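Notes for the one structure printed next.
Only a predicted model underlies this, so the values are computations on that prediction, with no experimental measurement involved. Counting convention: from 1, in listed order, for ligands and their atoms alike.
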Amino acid sequence: MIPIPTSRITSEQDFRNRRKIIGAGLSAMAAMACNGPLLAADSNAPELLEPTPLKTINSYNNYYEFGFDKSDPSEAEQTLITSPWSVEITGAGADKKGVYDLADIYGEFAIESHVHRFRCVEAWSMVVPWNGIPLHKVIAAAQPNSRAKYVRFTTVNDATQMPNANWAGGPYTEGLTIAEVMNPLALLATGIYDQPLEQQTGAPIRLVLPWKYGFKYAKSIVRIELVEDMPKTTWWQQNSREYGFYANVSPHHNHPRWSQKTERVIGGFGRQRTQIYNGYAEEVAHLYGALEDRKYFY
Ligand SMILES: Nc1nc2c(c(=O)[nH]1)N[C@H]1C(S)=C(S)[C@@H](COP(=O)(O)O)O[C@H]1N2
Ligand SMILES: [Mo]
């Protein structure tokens, strides 16, 4: 088990009540500023995201090493040994290489809570209250040098612990530019709703990149490498016509086989419009070039 202090463990109901109180506070503020800019259509007032229920988040999954159907990963036997767990940080771009026990990483960095929209390239979405460590803090600890241009993430691939290991011909890998890993939105998640990640959601540690499609969110990470060249990532390698390296969310760039203009809300009702960079343009648009450049959006 992941050693989260009991004081941090909140029930889903407590979590919802807490948010209702925060929400009530916000609308009172908005009412006071009735004629002010807070209520303007383009206001910067924080948007209250309604998180998807934990049961839904934990039972509708993509984790092909545990099967190809959405229900396979949560129905699979709990065979992945997630404690002890170590993460190797290495590569020519890291001056401080090492193999770190996850328990030591927990001791080193504070766990933060971040509620974010989650958008899969298959045009469905959820809202997830993540717990995790900002990725840039872990990368900074590896002391990146001038050769660190990209970061490759490798996930566990063990046929003795995963019924469908090797489906991609090797471990699932993902990659980011060094500028992307330094963005404060990027998380190494360890929990959801203040509960440890489950096997099917990528226990014990997985990526969260709210402005990108879900396939970038590599699960059960065992290695982080600071490298010079753009890593050849799993889905890009599987089908480079449909999946690229950047995979930033966009309603203006359709997938070759379906529209990306709207998304099906899992655990909700109907569809909603997809937003550019999944609604996080203010935080990340500066990292990329023109919207016309398709390479950033598939
Ligand atoms: N190792 C590994 N990581 C993975 C995947 C996978 O199949 N294997 N699927 C990806 C895809 S396509 C998505 S949409 C998200 C799903 O995360 P969730 O099941 O927590 O919603 O995990 C990503 N990370
Ligand atoms: Mo996905």
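When hydrogens are left out, the protein atom nearest atom 3 (N) of ligand 1 is K219 N, 3.3 Å; that is the closest non-hydrogen contact. The shortest contact between atom 15 (C) of ligand 1 and any protein heavy atom is with G214 O, 3.4 Å. Counting protein heavy atoms only, atom 10 (C) of ligand 1 is closest to Y172 OH, 3.5 Å. In terms of protein heavy-atom proximity, atom 21 (O) of ligand 1 is closest to F118 CZ, 3.6 Å. When hydrogens are left out, the protein atom nearest atom 7 (O) of ligand 1 is Y64 N, 2.9 Å; that is the closest non-hydrogen contact.
Checked against F153 for a side chain to side chain contact (heavy atoms under 4.5 Å, CB included), the options V87, T173, L176 give a single hit: L176. Among Y213, Y298, Y243, the single residue meeting the side chain to side chain contact (heavy atoms under 4.5 Å, CB included) criterion with H255 is Y243.
Taking only nitrogen or oxygen atoms, main chain and side chain alike, N61 reaches within less than 3.5 Å of ligand 1. Looking at E65 next to ligand 1, an N or O pair under 3.5 Å apart turns up. On a distance-only criterion, N62 and ligand 1 share at least one N/O pair closer than 3.5 Å.
Atom numbering of ligand 1 starts at 1 in the shown order; those under 4.0 Å from a heavy atom of T155 are 1 (N). Interface of C120 with ligand 1, defined as ligand atoms under 4.0 Å from a residue heavy atom, comprises 14 (S). Close approach of ligand 1 to Y217 is summarised as follows: ligand atoms under 4.0 Å from at least one heavy atom of the residue are 22 (O), 23 (C), 24 (N).
Under the 30°/60° scheme for interplanar angles, the aromatic rings of H114 and H116 are found to lie parallel.
Centroid-to-centroid, the aromatic rings of W167 and W235 come within less than 6.0 Å.
Between the side chains of R119 and Q260, at least one donor-acceptor pair of N or O atoms lies under 3.5 Å. Judged purely by distance below 3.5 Å, without hydrogens or angles, the side chains of T160 and D158 pair a donor atom with an acceptor atom.
A salt bridge does not link K212 to E174: none of the charged side-chain nitrogens sits closer than 4.0 Å to a carboxylate oxygen.
Side-chain contact between L80 and F66 is present, with heavy atoms from C-beta onward closer than 4.5 Å. Using a 4.5 Å heavy-atom cutoff, the side chains of K55 and Y60 are not in contact.
Heavy atoms of W235 found under 4.0 angstrom from ligand 1: none, in either backbone or side chain.
At least one heavy atom of R206 sits less than 4.0 Å from an atom of ligand 1.
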